[in-house]
Structure formats: structure tokens, C-alpha cells
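Below is one structure, written out as C-alpha cells; the observations come after it.
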Protein chains: 2
Amino acid sequence: MVKPKQQNEAGGAEQRRLQMVDIARLAGVSVSTVSRALNGSELVNAETRQRVAELARSLNYSINFGARNLRLQENKTVAVVVPYDAKSRQHISDPFFLSIVGSIADALTDRGYDMLLSRVDAEHLDLASHWFDSGKAIGLVLIGQWRHHDQLNEMAARKLPLVVWGGEMPQQLYCSVGGDNVLGGTLATRHLLQLGRRRIAFVGDAQLPEVWLRRQGYCQALREAGVDIDPSLELPAPFEPGVASGVLRDFCAARRDFDAVVCCSDVLALLTIQALRAAGRRVPDDVAVIGYDDMPLAAYCDPPLTTVHQPVAEAGAELVEALLGQLRGERAGLRTMPVYLKLRASAPAAPG
Amino acid sequence: MVKPKQQNEAGGAEQRRLQMVDIARLAGVSVSTVSRALNGSELVNAETRQRVAELARSLNYSINFGARNLRLQENKTVAVVVPYDAKSRQHISDPFFLSIVGSIADALTDRGYDMLLSRVDAEHLDLASHWFDSGKAIGLVLIGQWRHHDQLNEMAARKLPLVVWGGEMPQQLYCSVGGDNVLGGTLATRHLLQLGRRRIAFVGDAQLPEVWLRRQGYCQALREAGVDIDPSLELPAPFEPGVASGVLRDFCAARRDFDAVVCCSDVLALLTIQALRAAGRRVPDDVAVIGYDDMPLAAYCDPPLTTVHQPVAEAGAELVEALLGQLRGERAGLRTMPVYLKLRASAPAAPG
DNA sequence: TTGAAAGCGCTAACAT
DNA sequence: ATGTTAGCGCTTTCAA
């Protein structure tokens, strides 16, 4: 026989956690009746139901979900995983990712799900599958594809319930939800062209699918306008401020032959503005700058950022719906959400 | 008899999840042996242990933690709860809170715990106890006290394993971990006084314990310097940018009789700078501004923010240690961590 | 060294 | 309308 250790025996801080059998005894009914009452079953006498419910509430009893889930073979927990760069030991602190997480939290709560939040080395996204394999979560939401489209495809092939925030890539087997990155890149670039700028730099690491797509949009807008694409104006800065800051300063110190910049995040835009000023150039007069994400702070920087607005609030709901759809057995589709350009002072509406 | 529904029968997307009995059958041993092998028990033959472990790994088997926890009466999940303002429907998007959450996530992961993240109405912090009552989490970390010191005290009285990020208040029964708010307020104010400023405004909602303590520090520094405290220079702006922005613009439009501002967050500092500029005043020449938190972006604003640095990275570890200590039965103590002033351009080192 | 069996807290089929 | 009972996947005592 077994006598598992009671949790808090050490400090005696805690009395044994209440369970159904306690409520049953106090109410003078069987455990099944308590279970039924608490689950609002019609099978139990209304008066009894009332009495049991009140007793439970007054004693602060709340059902043991571990046991319930085991019995029911169900689980209402979703793992949300934020990749981080293990090499640079930099944690993702970009406000955009954090906003997305918040938005997912809301969407899950609305639907009665719990959210397990964790980080994973961006080089081993597949380690995230452990949440599912161990039964701790019924599915995964991954924030960003990073450099491992391949791993994500393998995870999908393994039939892992998975949704990724990111862009649509060729040969993609996994379900993704993301903003329209190509459009975002185009809108930003087109606006700068309309301002009369012709030497437009692009800041972002095109190894990342989302950035790669934005770059497509950037190139497309340049071609439309008959402006030559100059690869030397492309700066592969990572999202981490610590690294990007140096890269940008070097670039701005070395070159003055550009009059606008498209950045792949608002934080990068901020860093770019700093670097430009350090190099003695004015924003937006000498160089217009456009960010990406429209983070809450974007309106409050100086100058306020013109930026591509991403639908953060809707994103959480979309991601969660996509995951739950998959669990219902629906085909895992891709979803691209609209984005728009938010005009502010860093690249104003009127030329000059 | 019972036949619980299998999870993914609908789409047929998923095969039955592997369990110990499957491994046992394939390895030609009993379930107990598999259990022992996987837990590295000395009781099982080294060769068998090896074989079972390899089999499990090759099949991507991973133990069902729900069942294990039920059997063992243990749980390695901690709930982290971020309050939000239900009235204004504003979610906390302050980078500082999100950084703290990240730091807690790391600390929990290091110690082998999982993190359940959720939000709660700041008016009903006590609802967070549901995570514990339901057995979903062994304890709670709450980010901020907000206006409900009382509720937190009640939760502690109920013997809920709870740690709160926040300040030390009189009559406090619950365990808190926080930066030294009084010191932070003092350091900021003292620095402004050293710059020769005498009319120093204070921006923050003193109904919140942390802000209240910072205000103590502010008042103390003023008294030290023999400067009168002018209550009309105290502006009770909330942390939500949407609301605070308007309040600050009105204030800066109406008054020019101040030459410095102590803000209770970096976001508030940013908003203050915006409002000052809109009113035609220069930062730091006309008005020096000091923020609070030292969020990652603080160095990259314009001007870069002089701010009170909070020990975010250490905070996660402290919070988690405090919680685990409580679970071990140790006295729930209060912990105040050092802060320091990070000098940047919004209130520079040298006067004038 | 291994297996059989009990039981963690809960739900539901089956009895009454 | 309520009680009895089996069993969800696991660990561990007990027996061999």
C-alpha cells in the first residue's frame, strides 16, 4: 500500500487540501452526488445541489483539476513558447512579443483555457514539443519562426498541435498566423518614396521569415517606382537592442548616402534614430524612419514613430482559434492578417 | 464501467498518446519496471534500465505529469498573476511588468517549475487564489499590490502560498519582494536638487503602495534640502499611457512653475517629455526628467532617460525563492532590494 | 531484480 | 434522485 507524502508537512503551514469526500461527509451525501452537484447535473435534486454548492463555496473548496483531467482525459492548458537567443544569452524583451503574449493570454482565458508560458532556445524550437508529449498542454503556440522553418515543419509532420506566429513561407506544413509582412514592407517603402526619398535603407535580419517577407515588399515597392535596389543599403541587424545598437551606429557613422530607413521593429527604429542623431543627422528632415509593430510606446517616442501597425489584439484570438480548430480536427490553414501604416512624425504625411 | 472519450477522435489527427503500458509491452517487462527504469531507480537491472530508457526515447515517450502528480501529491507549477485595470479595460502593457514576468519565468525554469500566466482584475486580487484552491498551482506570484493591500493580507491569513512584487507596507502579513522605493524616490529627487532644481513635480498615483513609498523618498529628499513640499506639484497619473498622456498634457499646458519631474515609471517619463515639448519646453534644459524602472528601451529614448534602475533580473529569482521558502515552511519575510540611479541625458550628471 | 496490486481525487456507467 | 464501483496513468509497498 501507499502513503504519499502530504505536501506541506514540513512547516505545518498548510492544512490538508479539501476534497470532495470532505464536502460529501459534511453534506451527508455521497461523493458522486457532490460531483454531480458541482457540475450542475440535472440528475441531482435542486435543493441538494444548492446546499452542496453553498457548502463548497463557504469552505473555499475548489475541484482538483489534476484528478479531473486525468479521469476525463482532457486538458485545458495551452503552452505558449517564446524563443530566445541562447548564444547571445539575450532574452526577448521586445515589447511586441510581450504584447502578443498578453493578447494570447486574454484569448485563452476567454475560452476557458489556461496558459503555460515558457522560453525555448531559438535554435531548438522542437524542444517545445515536450509540453505536448508530457501531457502538460494540449497544444503549442510559438511566437515567431526564427531560423527554423525546418524544425517547425518536422513538428507539424509529427502531428503536434501547433500554431506559429509568423509569415507564410513556401513549403510550409505547419499552421501560421501573422501580419501581412509583404504588404507591410511595401506600405512603408511606398510612403517613403512618396516623400521623395530614393535612397532607402532596410534594417532587419532577412534570415527570419517575417523579415524576409518584408524585404520582398520593400523590393517590390522600389521596383514599382523604378528605383534601383542597392544591397549595400540592407543592414542585417538582429532584434536584440544590445547587438543592433552597435551595428546601427557603425552604419550611420560610415555612410550618409541614404535619406530614409525601413526598420523591422519599433525598437530598431528607435535605435536607428539614436544612431542617426549621433552621426549628426536629423529625423525626419535628413532621414525619414519607419518602424514596425506600432508598439504602445511608438506614439510617445521622439519623434513619434511612423510605423506599420500589427493587429496585436486580434492576433491572440486568431492564434487560439487556429489551435483549437486543429484540435477539432480541422485542416491547419495559414492566416495572414491585414496591416496598415500609422503616420506619425518620424516619416510624416506631407513631404518636406 | 467507464470509457472516457479519447481526445482527438474527431479529426483523427492524433494517435493515442503513448503511455507506460505501451513501453512495458514493447520492452517485455512490467509497468512498475518501466516506471522504476525511467526514474533511474537502482532497483532495476542496469541493462534493463538502459533498454527501457532507449525505447522510451526512440518512441518520443514522455511521462504523463497529470497522473504522476496525482499519485505523488505533488505539483511543480506556479501561477504568476498580472493585475489589470478592468474599469478602463486597459491591460498592463508596461514593459517593466513584462520584464518581471520574463525574469520569473527564467527563475522557475531553472528550478524545474512550470509557470502558469494569467491576469486578474486589480480590484479583486483575491480571485487569484483560485489557482491554488484548484490545485493547478502550488503557489502564487502577484505582480504589484495595486490598491488592495487588504485583500492580500486576507489571502496571507488564509495561508495561501503567496509572494507579491511590491513595497513593504505597515501591517503587512503577506510576503513581498520589491525594490527599495523610498531610496529610489530619494535618489531621483536628490539628484535633481543637486542640479539646482527647486520646483520638482512628482508624477504617479500615490494610492499604489510602491508610488506612495517613492513619494516618501521624494518628500524626504526635499526636506533634507530645506525645500518646501508643494502638493500642487503632485500629479496622480496612473500607469496606463492612454490615461496618463492626457493628464500630463493638461498639467504641462497649465503650468510652467516647475523645473524638474520625478516620474514613477519610464513610460510616464516618456509621456512627460512629450507633454513638455508640446508645451514648448526643452528637456533637460528647462525641465529635467527622471524615470523609474530602467526598462531596456530607456537608454534608447530621446533624450535617453535618467532613471532609477530596478533589479529585474534578480527580482525573478528572489520572488521564486521566497515562494519556495514559504512552501518549505519558512517564515514569509519581506525583502527589499537595492536600486540605483542610472544617469543619462534627461537629467544629466553635470548641472546646466 | 521483478511483478501484482492498491490508490492519488475525480467522473460516469450501472445499479437501486 | 442517489449510492456503488471501476478506472484515468502513474508510483510504491509488498510479495516472490
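In what follows, every heavy atom counts, from backbone to side chain, and hydrogens, waters and symmetry copies are set aside. Bear in mind that the values here come from a model prediction, so they are computed numbers and not experimental data. Chain letters run A, B, ... following the sequence lines, proteins first and then strands; every chain starts at 1.
Remark: Tyr61(B) is not in phosphate contact with dG9(D), judged by side-chain N or O atoms under 4.0 Å from OP1 or OP2. For dT11(D), neither phosphate oxygen OP1 nor OP2 lies less than 4.0 angstrom from any side-chain nitrogen or oxygen of Gln73(B).
Asp22(B) contributes a side-chain N or O that, together with a main-chain N or O of Gln19(B), makes up a donor-acceptor pair within less than 3.5 Å. A donor-acceptor pair under 3.5 Å is absent between the side-chain atoms of Asp114(A) and the main chain of Thr77(A), judged by distance alone.
No side-chain heavy atom of His124(B) sits less than 4.5 Å from a side-chain heavy atom of His148(B).
Distance CG (Asn75(A)) to P (dC10(C)): 17 Å, rounded to an integer number of Å. To the nearest angstrom, P of dC10(C) lies 9 Å from CG of Leu70(B). The CE-P distance, from Met20(A) to dC10(C), rounds to 5 Å in whole Å. The distance between atom CD1 of Ile63(A) and atom C1' of dA12(C), rounded to the nearest whole Å, is 13 Å. Between the P atom of dA12(C) and the CZ atom of Arg68(A) lies a distance of 7 Å, rounded to the nearest Å. Here dG3(D) presents its P atom at 14 Å from CZ of Arg25(A), a figure rounded to the nearest Å. Computed from coordinates, the Asn64(B) CG to dG7(D) C1' distance equals 14 Å when rounded to whole Å. Distance, Asn69(A) CG to dG7(D) C1': 16 Å, rounded to whole Å.
With rounding to the nearest 0.5 Å, the separation of CG in Leu173(A) from CG in Leu334(A) is 10.0 Å. The CG atom of Asn153(B) sits 10.0 Å away from atom CG of Leu162(B), with the distance rounded to the nearest 0.5 Å.
With 3.5 Å as the limit, one finds a donor-acceptor pair spanning the side chains of Ser129(A) and Arg158(A). Under the 3.5 Å distance criterion, with hydrogens and angles disregarded, no donor-acceptor pair is assigned to the side chains of Ser35(A) and Ser32(A).
Counting only heavy atoms from C-beta on, Gln19(B) has its side chain closest to dC10(D) among dC8(C), dC10(C), dC10(D).
A donor-acceptor contact under 3.5 Å is formed by the side chain of Ser32(A) with the base of dT4(D).
Counting non-hydrogen atoms under 4.0 angstrom, Thr33(A) reaches the backbone sugars and phosphates but no base.
Residues from residues 35-51 of chain B placing a heavy atom under 4.0 Å of any atom in DNA chain D, listed by number, are Ser35(B), Arg36(B), Asn39(B).
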